[in-house]
Amino acid sequence: MEDLYLYESGRRVYYFGRSNGDNEGVGWHVKGKMGGLWFEDVRILSSVKLLRGEKNLIPDKFINNLYYKTLNYGKTKLNFVAHPTDYFFAIYLENLEPEDELVLYLDQTPLWLENEIYSKELKVYKKTTKNDHF
């Protein structure tokens, strides 16, 4: 199966990324920062990957279920489910092989489009415009 984009969402949480887990190239207005697991406007995870030894696995099948998404890696299944209204998102595995490893890449980044900036310390500063009044 070719690499494809995966999207699973509720009202307050969503996951957007590529099926191979390489989400750093996803996004256009904040380059490389739009993929991953988001709780409203804060990114919690940048990527989710399934490794077998040192090899990043590519799914051989994608299933778009009514309430969740599934990526199949042979008999191993990686499932993504978002609660429809609450702050809840689950990533769970079925039939995990002994050498398989689920890797979650943390990135607690607040982003508010391009009219805001942030520092490495996660302090947020708003850019001033000529319409701002103090």
Side-chain angles (χ1 to χ4, degrees):
M1 182 179 94
E2 67 182 76
D3 188 28
L4 55 88
Y5 289 102
L6 168 71
Y7 182 73
E8 174 65 9
S9 73
R11 290 184 182 262
R12 299 172 186 238
V13 60
Y14 69 91
Y15 181 86
F16 176 66
R18 297 173 60 190
S19 61
N20 69 0
D22 183 19
N23 297 336
E24 295 309 315
V26 175
W28 56 271
H29 60 279
V30 182
K31 219 169 191 58
K33 289 284 190 178
M34 299 314 298
L37 177 62
W38 290 80
F39 281 68
E40 291 189 346
D41 55 4
V42 177
R43 181 165 85 160
I44 305 298
L45 300 174
S46 63
S47 295
V48 176
K49 293 184 180 183
L50 185 61
L51 304 177
R52 186 163 290 149
E54 296 291 320
K55 183 180 177 191
N56 184 24
L57 296 179
I58 304 295
D60 52 21
K61 187 175 181 183
F62 170 74
I63 301 171
N64 188 9
N65 298 296
L66 181 60
Y67 297 109
Y68 60 97
K69 308 296 184 276
T70 300
L71 297 172
N72 287 356
Y73 304 86
K75 60 183 185 168
T76 301
K77 295 179 180 181
L78 178 59
N79 300 291
F80 297 82
V81 60
H83 192 279
T85 59
D86 289 332
Y87 291 103
F88 179 79
F89 193 91
I91 300 169
Y92 64 97
L93 290 161
E94 296 177 54
N95 305 321
L96 187 66
E97 297 287 331
E99 64 273 10
D100 289 349
E101 182 179 15
L102 181 65
V103 180
L104 306 173
Y105 296 88
L106 296 175
D107 181 7
Q108 299 83 19
T109 302
L111 295 175
W112 294 271
L113 299 176
E114 64 271 0
N115 65 345
E116 308 253 347
I117 60 173
Y118 57 93
S119 70
K120 291 182 180 178
E121 293 82 27
L122 298 181
K123 296 177 184 173
V124 178
Y125 305 97
K126 184 175 184 211
K127 286 184 180 177
T128 59
T129 65
K130 62 182 176 181
N131 296 329
D132 286 342
H133 296 39
F134 295 102

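Index from 1, following the sequence.
- With values rounded to the nearest 0.5 angstrom, K55 atom NZ is found 15.5 Å from E101 atom CD.
- V81 and I91 sit in two unconnected hydrophobic clusters of ILVMFWY residues. Membership requires side-chain heavy atoms under 4.5 Å apart, directly or through other members.
- When hydrophobic clusters are built by joining Ile, Leu, Val, Met, Phe, Trp and Tyr residues whose side-chain heavy atoms come closer than 4.5 Å, directly or via intermediates, F16 is not grouped with V103.
- At least one side-chain heavy atom of T76 sits less than 4.5 Å from a side-chain heavy atom of R52.
- Between S9 and A82, the shortest heavy-atom distance links the atoms C-CB, 3.5 Å.
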Given the rule in the side chain to side chain contact (heavy atoms under 4.5 Å, CB included) test, do N23 and S47 qualify, once you have shown the distances and angles that lead to the verdict? CA-CA 6 Å; N23 297 336; S47 295; 3.7 Å; yes
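- Evaluation of the side-chain hydrogen bond (donor to acceptor under 3.5 Å, both in side chains) rule for Y87 yields E40 as partners, not counting sequence neighbours.
- Going from atom CD of E8 over to atom CG of N64 covers 8.0 Å, rounded to the nearest 0.5 Å.
- Rounding to the nearest 0.5 Å gives a distance of 5.5 Å between CG of N56 and CG of N20.
- Counting heavy atoms from C-beta outward, L93 and L50 have side chains that approach closer than 4.5 Å.
- Using a 30° and 60° split on the angle between ring planes, H83 and F88 fall in the perpendicular class, above 60°.
- A side chain to side chain contact (heavy atoms under 4.5 Å, CB included) with V13 is found for one member of L37, I44, T85 and no other, namely L37.
- A continuous path of ILVMFWY side-chain contacts below 4.5 Å connects L57 to L4, so both sit in one hydrophobic cluster.
- Between R18 and Y5, the shortest heavy-atom contact is CG-CE2, 3.6 Å.
- No continuous path of hydrophobic side-chain contacts links I58 to I63 [ILVMFWY only; heavy atoms under 4.5 Å].
- Rounding to the nearest 0.5 Å places CZ of R43 at 8.5 Å from CE of M34.
- Contact record, Y15 with F89: CB-CZ, 3.4 Å, taken as the closest heavy-atom pair.
- Ring pair Y7/Y14 is tilted by interplanar angle, where 30° to 60° counts as tilted.
- Two residues are said to be in side-chain contact when any heavy atoms from C-beta on lie closer than 4.5 Å; L78 and T70 fail this criterion.
- Side-chain atoms of K69 and N79 include no donor-acceptor pair closer than 3.5 Å.
- In F39, the CZ atom is crowded: over 12 heavy atoms of neighbouring residues, nucleotides or ligands sit closer than 6.0 Å.
- Follow the hydrophobic side-chain contacts under 4.5 Å out from Y73 and you reach F62 in the same cluster.
- Closest approach of G74 to D60, counting heavy atoms only: N-OD2, 3.0 Å.
- Rounding to the nearest 0.5 Å gives a distance of 12.5 Å between CZ of R12 and CG of D41.
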